[in-house]
Amino acid sequence: MSNNNITCECGHVNPYGTEICEVCGKPLQGDLESKKLLNMRYEGSARRSQTYKTTIIDKIWNFFSSVKVGIWIIVLLLVASAIGTIFPQEMYIPPLSDPTVYYKEQYGVLGQLYYDLGFHNLYGSWWYMLLIAALGLSLIVASLDRFVPLYRSLKKQRVIRHESFMKRQKYFGKTEISHDSPDLSGIKQALENKRYNVKEENGHLFAEKNRFSRWGPYVNHIGLILFLIGGMLRFFPGMYVDEVLWLREGETEKIKGTEEAYYLKSDGFILETYDNEDEKFKDAIEESGQAVVAKNYQTDAVLYKQVGERVAGTDPELEKVKEHPIQVNKPLKFEGYAIYQVDYKLNELQKMSFTMDNKESGESIGDLTIDLYNPEKEYNLENGYSVEVMDYFPDFEFNDKGEPTTKSKVPNNPAFILNMISPEHPDGEVAFVAIKQNLEPLGENDYKMSFQNVDTKNVSGLVVRKDNTLWILAIGGAIFMIGVIQGMYWNHRRIWIRKGNDEMWLSCHTNKNWYGLKRELESITKETGLNMPLDQSEEKK
């Protein structure tokens with residue numbers, strides 16, 4: 001206990017900085033005696049942030065206990081979150097796109113700035129996390145700074161209050177005692193009829209109700225802190241998964257976010273559309289402006305689980321778990337995960353077939369098929385003939401310098417630089433081959449690559465989701481709303497009655513809704529015969 005503690009004349013030892021005695025309510029600082037009304041906001045209790053201001057810990061505490069600081073942090077979070085919606089977040093840009101070039105290509109200088117400042121991955125950026133942590137710290141410090149002294153004061157308050165305390169309440173009144181003066185038992189009953197908890201001591205009454213409403217702000221602070229914790233936990237591994245999975249027909253892919261424990265195979269993709277000639281849907285389809293409108297699209301999926309330890313360089317051993325058709329709003333669920341059907345792509349290029357032909361004789365030397373997702377470096381056509389893949393552009397375009405490049409890793413517009421090796425040309429002849437293009441950049445060749453065929457597949461656009469923080473967010477939200485209701489719809493009211501030899505005093509206080517308290521006082525005084533206390537703040541004007 002500090003040597004600077006203040007001992008009231010009632011004998012109670014108050015913490016340093018206390019303005020009003022926690023027990024009897026007597027003003028403890030001289031200048032308060034000159035004030036007509038007491039500041040009852042925190043019951044005159046000593047708040048740490050208002051008392052200690054010298055050490056670095058005091059300054060940090062005072063900074064985070066400030067309501068203004070908390071509001072500024074919230075404003076910064078809102079502004080950052082709003083900016084984060086200007087361009088799409090990284091998770092929503094086209095699959096396989098490189099974010100380092102995507103934002104600049106799509107949105108120019110602003111896009112590049114957006115990426116450089118980290119707004120493309122806003123909710124995972126360190127500074128956004130720091131702001132959320134600062135807001136949580138501000139809530140905790142501000143709550144403790146006010147809750148602890150207020151709790152001490154309300155818990156220790158007694159029935160008998162000092163005269164100066166009663167005189168300096170907003171509503172204060174006196175009633176002369178005569179033979180027909182109201183008795184305490186009648187007053188007590190009238191207060192109890194208004195649902196007050198009434199205590200009596202040596203001819204004094206103390207009535208109180210709805211004290212729990214004083215804790216409403218602190219309850220919703222607890223809810224907010226839980227909500228923030230739930231939000232931050234989303235960035236811990238295993239707590240939150242939101243991954244995009246593009247799955248081609250017939251292929252088996254590991255499910256992102258499951259740490260390679262689960263795999264998914266597409267046994268087929270089904271697209272059903274509405275009949276454009278059906279009178280029931282005809283008008284709606286025409287209004288949509290689309291040639292066809294999807295009625296159902298689904299992936300016939302098979303879920304596998306990896307068993308045993310996987311040896312590096314080998315395929316995993318998979319065990320079938322279940323089959324499930326994934327449709328919109330009908331996800332495949334397992335082990336807390338849910339896989340949703342959200343998109344599709346029809347007839348995506350998978351393989352391209354070519355023949356190597358002698359231009360003069362028209363003779364076909366051999367054929368090859370290039371897997372557009374995993375092209376080989378060289379295709380041997382036997383008898384001294386082969387084709388080398390010198391370069392591959394899955395989504396071909398020319399860049400600003402006129403050089404061939406690719407927009408993405410998806411084979412939307414595949415192009416190749418091929419080296420055709422033959423006995424006549426052991427060093428090869430270079431050809432540039434793309435859709436409807438067959439160029440000879442280094443001069444006329446004796447051989448050419450002729451397009452033959454293409455294989456396509458339908459692709460399912462799936463989203464893998466898992467959220468272990470939902471229950472924390474739900475509890476935090478529920479507690480927050482309880483705190484709001486608790487603090488908004490009830491008022492903490494107190495009435496003190498002091499009986500002297502020739503007068504009976506009445507004073508009261510509420511944390512809000514003074515008009516409601518006034519109406520209640522009018523009813524009580526009318527019933528008991530006490531004089532209606534006066535609003536001393538009005539007298540001051």
Side-chain angles (χ1 to χ4, degrees), residues 78 81-97 99 102-108 110-111 114 119-123 241-251 253 256 264 266-301 323-333 337-350 372 394-397 406-414 435-436 454-467 470:
L78 290 175
S81 300
I83 294 174
T85 63
I86 295 176
F87 301 133
Q89 290 289 292
E90 182 179 354
M91 67 180 76
Y92 299 117
I93 66 175
L96 306 180
S97 296
Y102 176 82
Y103 288 96
K104 185 178 181 181
E105 287 183 351
Q106 296 294 320
Y107 310 109
L110 289 177
Y114 191 81
F119 284 101
H120 68 293
N121 187 24
L122 177 67
Y123 308 110
V241 176
D242 186 5
E243 299 281 358
V244 176
L245 174 63
W246 289 93
L247 187 64
R248 294 165 184 81
E249 288 178 306
E251 290 187 352
E253 293 283 348
K256 297 178 180 178
L264 196 69
S266 171
D267 269 351
F269 177 79
I270 299 172
L271 173 64
E272 297 174 310
T273 60
Y274 288 101
D275 183 358
N276 290 14
E277 300 303 322
D278 191 326
E279 293 296 330
K280 187 176 180 181
F281 307 111
K282 188 175 181 180
D283 292 341
I285 293 173
E286 288 179 355
E287 288 179 6
S288 73
Q290 302 178 41
V292 293
V293 176
K295 180 170 64 176
N296 171 48
Y297 52 97
Q298 73 177 53
T299 302
D300 292 330
E323 298 179 1
H324 183 84
I326 305 175
Q327 297 173 294
V328 176
N329 296 327
K330 295 181 180 178
L332 164 63
K333 294 184 178 181
Y337 293 91
I339 301 180
Y340 294 87
Q341 179 82 55
V342 295
D343 203 353
Y344 62 88
K345 187 177 181 181
L346 300 178
N347 303 318
E348 184 182 84
L349 297 175
Q350 297 294 309
L372 299 178
D395 199 358
F396 165 72
E397 66 169 4
T406 183
K407 292 189 287 186
S408 69
K409 297 179 181 177
V410 181
N412 294 319
N413 183 28
I435 295 176
K436 296 182 179 180
V454 64
D455 289 343
T456 63
K457 286 184 179 179
N458 296 328
V459 187
S460 301
L462 307 171
V463 169
V464 184
R465 290 212 173 102
K466 178 183 180 182
D467 195 346
L470 273 179

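Glu253 contributes no side-chain N or O that, together with a main-chain N or O of Trp246, makes up a donor-acceptor pair within less than 3.5 Å. Judged by distance alone, with hydrogens and angles left aside, the side-chain atoms of Lys345 form no donor-acceptor pair with the main-chain N or O of Gly461 at under 3.5 Å. For Gln89 (side chain) and Leu122 (main-chain N/O), a donor-acceptor pair under 3.5 Å exists by modelled atom type. Between the side chain of Asn413 and the backbone N or O of Phe396, at least one donor-acceptor pair lies under 3.5 Å. Side chain of Glu249 to backbone of Asn458: a donor-acceptor contact under 3.5 angstrom is found. Under the 3.5 Å distance criterion, the side-chain polar atoms of His120 are left unmatched by any main-chain donor or acceptor of Phe87. Checking side-chain atoms of Gln298 against main-chain N and O of Val328 turns up no donor-acceptor pair under 3.5 Å. For Gln106 (side chain) and Gly111 (main-chain N/O), no donor-acceptor pair under 3.5 Å exists by modelled atom type.
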Could you go through residues 266-275 and list every donor-acceptor pair under 3.5 Å that involves a side-chain atom there, pairing it with any protein atom two or more places apart or in another chain?
| unit_1 | atom_1 | unit_2 | atom_2 | d |
| --- | --- | --- | --- | --- |
| Ser266 | OG | Gly268 | N | 3.4 |
| Glu272 | OE1 | Asn296 | ND2 | 2.9 |
| Asp275 | OD1 | Glu277 | N | 2.9 |

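In summary, of the residues considered (Val244, Leu332, Ile339), a side-chain contact (heavy atoms from CB on, under 4.5 Å) with Leu462 occurs for Ile339 alone.
The side chain to side chain contact (heavy atoms under 4.5 Å, CB included) check on Glu323 picks up Val302, Lys320, with sequence neighbours excluded. Applying the ring pair (Phe, Tyr, Trp, His ring centres under 6.0 Å) criterion to Tyr337, with sequence neighbours excluded, gives Phe334. Among residues two or more places apart in sequence or in another chain, the side chain to side chain contact (heavy atoms under 4.5 Å, CB included) test is passed with Pro88 by Tyr92, Ile93, Tyr107. Scanning for side chain to side chain donor-acceptor pair (under 3.5 Å) contacts around Asp242 gives Arg465, with sequence neighbours left out. Scanning for ring pair (Phe, Tyr, Trp, His ring centres under 6.0 Å) contacts around Tyr102 gives an empty result, with sequence neighbours left out.
To the nearest 0.5 Å, the span separating CZ on Arg248 from CD on Glu348 amounts to 4.5 Å. The line from OG1 of Thr299 to CG of Leu245 is 9.5 Å long, rounded to the nearest 0.5 Å. In this structure, CG in Leu110 is found 13.5 Å from OH in Tyr103, a value given to the nearest 0.5 Å. Here Glu90 contributes atom CD and Phe119 contributes atom CZ; the two are 15.0 Å apart, rounded to the nearest 0.5 Å. Distance check, rounded to the nearest 0.5 Å: CG of Asp395 to CG of Asn412 gives 4.5 Å. In this structure, Asn347 CG and Asp455 CG are separated by 11.5 Å, a value rounded to the nearest 0.5 Å.
Minimum heavy-atom separation, Pro331 to Ile326: CA-CG2, 4.4 Å. In terms of heavy-atom proximity, Ala294 sits nearest to Tyr344 at CB-OH, 4.3 Å.
Using a 4.5 Å heavy-atom threshold, the side chains of Pro325 and Asp300 count as touching. Contact annotation: the side chain of Pro414 approaches that of Ile435 to within less than 4.5 Å [non-hydrogen atoms, C-beta and beyond].
For Lys457, the NZ atom is densely surrounded, since the number of other residues' heavy atoms within 6.0 Å is greater than 12.
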